[in-house]
K.L.:
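Following this message is one structure expressed as structure tokens.
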Amino acid sequence: MPIDIARMIGPVFPSATEINIMSMEADYIERMKRLMNWEASRQAPPEGFPHLPDMPAGRYTSQEYYDLEQQYLWKKTWLFAAHIDEVPDPGCFMKWENIGDPIIIIHGMDGEVRAFYNTCRHRGAPVVTEEKGKAPRLMCGYHNWTYKTDGSLIGVPEKQDFGPEFDMSCRSLIPVRCERLGNLIFVNFDSEAMPLKQWLGPVWDEWEEFGFDRIKLAARHSFDLECNWKVAMEANMEVYHVPFIHPETVAPLVDSKRNVNTIYPNGHARMLAPPPQTTDREHVRAVDSPPEWQQIDTVGEFGRTCTQSYTMFPNWVSPLSNYFVPPLIFWPTGLNTTRLELVTMALDWGDGPAPDLWTVPDDSQPNGRAMSPIILEDTQFGEMIQKSMESDGFKSVPLSYQEARIYSFHQTCDKMIGLNRVPEHLAVDQVIGEDWVYPNDPRVAEMERAEAAE
């Protein structure tokens, strides 16, 4: 829970609860800093950390595994769909088809944001055909069946011809689970799925400081990649590659040796890496930031001074800071093709140009933007990696302790599909147990033993 610093220094004294929270936060920050230094000093993986068996090559190249993902993984997880700025007012709607099934996201006339299958209950025609729009009612263009923004059917031309048994109350648009994290809108095709807040677990609480209820949508652009979606996503799930792929862009700001990975329930994870000891990350951000950029004043020390990147299972990776919430979203468009969404969200930038962290102007591109140098560095090998993976020279994937976030991610993929459904030759062994999942962290005890021995 963010602490109101203005209140702390004002005439009202903090409560015992606030003091206790501040103490816990200070203890956590101090422990994480020690853990960063311990990570840099270790000569082997942590004691008791499981050996990670090779992952089968077919997880990236098998149509069988891809079909399982489509049928089970994507239909059971919470997926980022939109920002409230894209449907800002009652009656605003937008189409969304990022995993195949066409749906409508609509800001209801009652103020609620909902999602429905974009499928008329008459003969399956799309209820809306425009990418975005605004209307107090939704009308299917095929036979003019009309729906309220809460999905209920209210108009059927020549209704008498359907007979007295026809019950309009049973013909509402079919809903898709839709919940919000501040201004962000998520959908889930599983009507029995746990609530979004429960799905995120401790990540929900950790994200409070980043002002998800205040950030605006600054930029959202899509680019197509010629590789499996996991190939593209995994390039953003470890710092092992940073010194080699990003020597001039990321490496000067990230000390990969002092990186601390945390695995959360439900496949989520966090990377926390301080800058090199010769770099003041907070000063760099302040100098490089245009004056119209606002800082999110509730962000704590790590968000201001470190690089911290969260994986929200299944397809969101985002470094969060005191200036931006800029997720990278990876959508499968085929076995070996991916659509990468580059999103920037920030506090209101006033009359200045909207911030865009991931793209740069390029008139030669259809949308007038091109991927930034950092993204190009991460995606440059995707197509070649995919072709190599599809060759007889690719047998399996060995992962190191530094790449444990990737292995844990694959374990969760299989869990979401169903361990009994994944063929043995495509499955990963479930070797990272709950003892390595937050709030558990055996590294802390090992670090403390090493400190005591000094």
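We number each residue from 1, following the sequence as shown. No hydrogens, no waters, no symmetry mates; every other heavy atom, side chains included, goes into these values.
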K.L.:
Apply ring-ring contact (aromatic ring centres under 6.0 Å, His included) to Trp204 and Phe186, showing your working.
P.N.:
CA-CA 13 Å; Trp204 178 282; Phe186 290 81; 8.9 Å; no
K.L.:
Please answer whether the main-chain N or O of Val127 pairs with a side-chain N or O of Asn118 as donor and acceptor at a distance below 3.5 Å.
P.N.:
yes
K.L.:
Yes or no on side-chain contact (heavy atoms from CB on, under 4.5 Å) for Trp74 and Glu69, after CA distance, side-chain angles and deciding distance?
P.N.:
CA-CA 6 Å; Trp74 295 102; Glu69 292 174 339; 4.1 Å; yes
K.L.:
Between Phe313, Trp207, Tyr310, Trp199, which is the residue that forms a ring-ring contact (aromatic ring centres under 6.0 Å, His included) with His268?
P.N.:
Trp199
K.L.:
Side chains of Thr412 and Asn266, heavy atoms from C-beta outward: is any pair under 4.5 Å?
P.N.:
no
K.L.:
Do the non-hydrogen side-chain atoms of Pro319 and Pro326 ever get within less than 4.5 Å of each other?
P.N.:
yes
K.L.:
Looking only at atom types and distance, does a side-chain atom of Thr146 sit under 3.5 Å from a main-chain N or O of Ile154, one as donor and one as acceptor?
P.N.:
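No; judged by distance alone, with no hydrogens or angles, the pair does not exist.
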K.L.:
Spell out, as yes or no, whether a donor-acceptor pair under 3.5 Å connects the side chain of Gln411 to the backbone of Val431.
P.N.:
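Present.
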K.L.:
So, does Asn236 use its side chain to make a donor-acceptor pair with the main chain of Asp378 at under 3.5 Å?
P.N.:
no
K.L.:
Using modelled atom types and a 3.5 Å cut-off, is there a donor and acceptor pairing between side-chain atoms of Arg421 and backbone atoms of Leu68?
P.N.:
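No, because the side chain of Arg421 does not come within donor-acceptor range (under 3.5 Å) of the backbone of Leu68.
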K.L.:
Counting N and O atoms only, with roles assigned by atom type, does the side chain of Arg121 sit under 3.5 Å from a partner on the main chain of Leu173, one being a donor and the other an acceptor?
P.N.:
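No, because the side chain of Arg121 does not come within donor-acceptor range (under 3.5 Å) of the backbone of Leu173.
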K.L.:
CZ of Arg339: more than 12 outside heavy atoms within 6.0 angstrom?
P.N.:
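Check fails, neighbour count at 12 or below.
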K.L.:
Using 4.0 Å as the upper bound for N to carboxylate O, is an ion pair formed by Glu238 and Arg405?
P.N.:
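No, Arg405 and Glu238 are not salt-bridged.
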K.L.:
Would Phe223 and Ile375 count as a side-chain contact (heavy atoms from CB on, under 4.5 Å) if you check the C-alpha gap in whole Å, the side-chain angles of each, and the deciding distance to 0.1 Å?
P.N.:
CA-CA 11 Å; Phe223 298 88; Ile375 300 299; over 6 Å; no
K.L.:
Do the side chain of Asn183 and the main chain of His83 share a donor and acceptor less than 3.5 angstrom apart?
P.N.:
no
K.L.:
Could you tell me whether a side-chain N or O of Arg59 sits under 3.5 Å from a main-chain N or O of Tyr65, the two making a donor and an acceptor?
P.N.:
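No, the answer is negative, given that no donor and acceptor are paired below the 3.5 Å cut-off.
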K.L.:
Hey, what do you get for CH2 (Trp78) to CZ (Phe189), rounding to the nearest 0.5 Å?
P.N.:
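Interatomic distance, Trp78 CH2 to Phe189 CZ, rounded to 0.5 Å: 11.0 Å.
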K.L.:
Looking at Lys395 and Asp54, is there a salt bridge between them, counting it only when a charged N and a carboxylate O are closer than 4.0 Å?
P.N.:
no
K.L.:
Please check this pair: side chain of Arg171 against backbone of Leu153, looking for a donor-acceptor N/O pair closer than 3.5 Å.
P.N.:
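Checking the backbone N and O of Leu153 against the side chain of Arg171, no donor-acceptor pair under 3.5 Å is found.
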K.L.:
Side chains of Pro102 and Trp96, heavy atoms from C-beta outward: is any pair under 4.5 Å?
P.N.:
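No, every pair of side-chain atoms sits at 4.5 Å or beyond.
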K.L.:
Given Thr149 and Phe93, is the side-chain contact (heavy atoms from CB on, under 4.5 Å) satisfied, shown in steps?
P.N.:
CA-CA 9 Å; Thr149 58; Phe93 64 85; over 6 Å; no
K.L.:
When you check the side-chain N and O atoms of His143 and Glu158, is any donor under 3.5 Å from an acceptor?
P.N.:
no
K.L.:
Does atom CZ (Phe162) have a neighbourhood of more than 12 heavy atoms from anything else shown, all under 6.0 Å?
P.N.:
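Counting neighbours around CZ of Phe162, more than 12 heavy atoms of other residues, nucleotides or ligands fall under 6.0 Å, so yes.
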K.L.:
Among Trp316, Phe330, Trp229, exactly one meets ring-ring contact (aromatic ring centres under 6.0 Å, His included) together with Phe409. Which residue is that?
P.N.:
Trp229
K.L.:
Any side-chain heavy atom of Ile296 sitting closer than 4.5 Å to one from Ile215?
P.N.:
yes
K.L.:
Might you point out which heavy atoms bring Cys227 and Thr338 nearest each other, and give the distance in Å?
P.N.:
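Distance-wise, the nearest heavy atoms are O-OG1, 2.7 Å.
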K.L.:
Should the heavy atoms of other residues, nucleotides or ligands under 6.0 Å from CG of Asp363 be counted, would the total exceed 12?
P.N.:
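Counting other residues, nucleotides and ligands, CG of Asp363 stays at 12 neighbours or fewer.
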K.L.:
Under a 3.5 Å threshold, yes or no: a donor from one side chain and an acceptor from the other, between Glu206 and Tyr264?
P.N.:
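Result is yes, a qualifying pair exists.
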K.L.:
Could you tell me whether Lys148 and Asp110 make a salt bridge, using a distance below 4.0 angstrom between a side-chain N and a carboxylate O?
P.N.:
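Salt bridge flag = no for Asp110 with Lys148.
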K.L.:
Would you say CG of Asp351 has more than 12 non-hydrogen atoms from neighbouring residues, nucleotides or ligands within 6.0 angstrom?
P.N.:
no
K.L.:
Please name the pair of heavy atoms, one in Ile263 and one in Ala404, separated by the smallest distance, quoted to 0.1 Å.
P.N.:
CD1-O, 4.4 Å
K.L.:
If I take atom OH from residue Tyr407 and atom CG from residue Leu399, how far apart are they, to the nearest 0.5 angstrom?
P.N.:
8.0 Å
K.L.:
Take a 6.0 Å sphere around CD of Glu192 and say whether it holds more than 12 heavy atoms from other residues, nucleotides or ligands.
P.N.:
no
K.L.:
Does NZ belonging to Lys197 count more than 12 external heavy atoms closer than 6.0 Å?
P.N.:
no
K.L.:
Rounded to the nearest 0.5 Å, how far does OG1 of Thr262 lie from CG of Asn440?
P.N.:
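One gets 12.0 Å once the value is rounded to the nearest 0.5 Å.
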K.L.:
Distance-only, no hydrogens or angles: does the Glu390 side chain make a donor-acceptor pair with backbone N or O of Thr61 under 3.5 Å?
P.N.:
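No, Glu390 side chain to Thr61 backbone: no donor-acceptor pair under 3.5 Å.
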